[in-house]
Amino acid sequence: MSGPELAAQAIANIAPSAVIAFTAAGIYLGAGNGTIYSFILATLVILAVGYCVIVFARRHASAGSLYTYVAKGLGPFGAYLAGIALLVGCWGIAAGSLGGAVSYMSQFLVLIGIPAEGIGWSMALAVVLGGLATLFTIRGIRLSARVSLVLELVSVAIILVLLVLALVWAGPAAWDPAQFSLEGVPFQGVAAGMVLGILGFVGFSSADALGREAKNPYTAIPRAIMWSAVTVGILYVFAAYTQIAILGEDLATVASPLEAIATQIGMPAWFAPLLTFGVGASFFAVVVAPLNVVGRIIYVMGKEGVVAERFGRTHERHLTPHRVLLVAGPAAIALDLVLLAIGVNPMDIVVWVDTYGTYGYMVAYALVAIACVAYTRREKMRNGLVWLCAVVSVGAMAYVFFANVWPVPAWPLNVIPYLFLVTMIAAIAWYLHLAKHRPEVLKAIGNTETDALEGVG
């Protein structure tokens, strides 16, 4: 895979179009005209996490992502916790985003005259879209990355066209100096908004799981991680500024800010289904991208004996971890089908299941930051910037976690932290089982890198 294809994986995992569609409005409720500062702070935090990741990526290439990196600093137990947390994050985001893809593709079909409403249609779309996502990941990383890139580029292009046209339509009124002034900005609201901003970046480092498939991974992967974060951060700030400049205080009340902007500036009727398709495509792209990471982490775990050996083998022709993907993909579909069958709205699936996944990402990001400090100290590397980035990363992840559990949210969000905790306890129990009955496995954790994984198997 080339550098742009690696960046495609990272950006697709972030799904900026889906974030733009909702996050600015959520932040504006508390931060008001300081919304862009929430996104700027969130971008700086993510760049701090990213720096800790690329310290490892410049020296180690693996399909194991943060699981392998953390092993270099915190040993097998830290690596195992990071790997499980990242698996929870990636699978949760994939399963939750499938709900978003179902919701928007259903709306798209209705807008073009196909009556795709009701539970039956939603369940059918979940099977078709989830099945396609699984198929793309099995057929090859280049195919899935290119599909994700095309869909995300189409989606971002549609939204950018709308936002630029909105600024042109507004004329001189498009200049909104109040958004750059700190006067009257609620700093607590900006800090709280930073939480949503950070959540809008989860998965940004997913290119690090492609060490086996990347050209010149020690250079290309660090660049893909950092540039994707910078690019998406700039996009978020621009989108937030434009939504506030055009909608003003209405941003806090409209159901769909992008649709409201399209209506306000008089976009033609055919633009509504195009915009809906764009956001739906973004959700679909973020089903594909995290499944790629899930497949590769479990593949490495299979090689190391942490899970069954059969998961540590690749497809004879496509060279992808197909056995893992044939479990992870259908499992995501099954969860969505169960929730749809009991009457859960597809967009509620996004909120609930993505929240579960986000807890996993927070733990994994904090662990890689701590591991980076330990690793650079042991290797006697200059690490003043590492210390700064690690403190920022761990502090921000702790704040994000706290902000999601206190004040106690409404049901079912109030029980999701405990579901995540149960998952981690069950995983630790398996680790203790391995330590007792197969102690040799612990020595292998995190030691499988690219040069040991060439060819089939």
Side-chain angles (χ1 to χ4, degrees), residues 11-12 14-29 31-33 35-36 38-39 97 99-117 125 129 150-176 178-179 193 196-197 200 231-232 234-286 345-347 350-351:
I11 292 174
I14 298 170
S17 301
V19 174
I20 289 170
F22 302 101
T23 305
I27 294 175
Y28 183 81
L29 289 171
N33 282 337
T35 297
I36 62 171
S38 292
F39 277 116
S97 297
V102 167
S103 177
Y104 274 86
M105 288 305 176
S106 176
Q107 292 177 44
F108 168 72
L109 292 175
V110 170
L111 287 171
I112 63 174
I114 300 174
E117 297 178 298
L125 283 170
L129 295 172
V150 170
L151 291 177
E152 202 59 51
L153 283 178
V154 168
S155 180
V156 169
I158 292 169
I159 292 174
L160 283 178
V161 166
L162 173 64
L163 296 178
V164 171
L165 288 177
L167 292 177
V168 173
W169 171 85
W175 170 242
D176 186 8
Q179 292 195 56
L196 289 177
T231 301
V232 171
I234 293 171
L235 182 61
Y236 286 165
V237 171
F238 171 71
Y241 171 84
T242 305
Q243 290 180 63
I244 296 170
I246 301 300
L247 296 177
E249 294 182 359
D250 290 342
L251 180 59
T253 58
V254 294
S256 176
L258 296 180
E259 291 180 16
I261 290 175
T263 301
Q264 184 165 324
I265 68 174
M267 293 296 288
W270 53 261
F271 188 79
L274 190 63
L275 179 62
T276 302
F277 175 82
V279 178
S282 181
F283 273 115
F284 178 76
V286 83
N345 184 284
M347 290 308 295
V350 177
V351 175

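Just so it is clear, the values below take in all heavy atoms, side chains as well, and ignore hydrogens, waters and symmetry mates. All residue numbers refer to positions in the sequence shown, counting from 1.
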Residue list, side-chain contact (heavy atoms from CB on, under 4.5 Å) with L160, at least two apart or on another chain: V156, L235, F238
Might you point out which heavy atoms bring P16 and I11 nearest each other, and give the distance in Å? CD-O, 3.3 Å
Which residue pairs pass the side chain to side chain donor-acceptor pair (under 3.5 Å) test with at least one member in residues 162-176, sequence neighbours excluded? D176-Q179
Working to the nearest 0.5 Å, report the span between OH of Y241 and CD1 of I36. 8.5 Å
Measure the CG-OG1 distance between L162 and T242 for me, rounded to the nearest 0.5 Å. 9.5 Å
Nearest atoms (heavy-atom pairs only) where P257 meets L247: O-CD1, 3.8 Å
Got a sec, which residues hit ring pair (Phe, Tyr, Trp, His ring centres under 6.0 Å) with Y28, two or more places apart in sequence or on another chain? none
Within-4.5 Å side-chain heavy-atom neighbours: L125 and L109: yes
Separation between CG of L163 and CD1 of I158, rounded to the nearest 0.5 Å: 12.0 Å
Are the side chains of I20 and Q243 in touch, meaning some heavy atoms are under 4.5 Å apart? yes
S155 to G278 - nearest heavy-atom pair and separation: OG-O, 2.6 Å
From W270 atom CH2 to L275 atom CG, the distance as rounded to the nearest 0.5 Å: 11.0 Å
Side chains of L251 and L29 in contact at under 4.5 Å (non-hydrogen atoms): no
Taking A272's backbone N and O only, do any of them form a donor-acceptor pair with T276's side chain (distance below 3.5 Å, no angle check)? yes
On a heavy-atom basis, the closest approach of N33 and A178 is ND2-CB, 3.7 Å
Could you check if a side-chain atom of Y236 sits within less than 4.5 angstrom of a side-chain atom of I14, using non-hydrogen atoms only? yes
Check whether any side-chain heavy atom of I261 lies under 4.5 Å from a side-chain heavy atom of M267, and answer yes or no. no
Is the ring pair Y104/F22 parallel, tilted or perpendicular, if the boundaries are 30 and 60 degrees? perpendicular
Close side-chain approach of V102 to F283, heavy-atom, < 4.5 Å: no
Contact summary for L167 and A174, nearest pair of heavy atoms: O-CB, 3.6 Å
Would you confirm whether S106, through its side chain, and A116, through its main-chain N or O, come within 3.5 Å as a donor-acceptor pair? yes
Give, for atom CD of E117 and atom CD of Q107, the distance between the pair rounded to the nearest 0.5 Å. 9.5 Å
Restricting to non-hydrogen atoms, name the atom on I27 and the atom on G197 that form the minimum distance, rounded to 0.1 Å. CD1-N, 4.0 Å
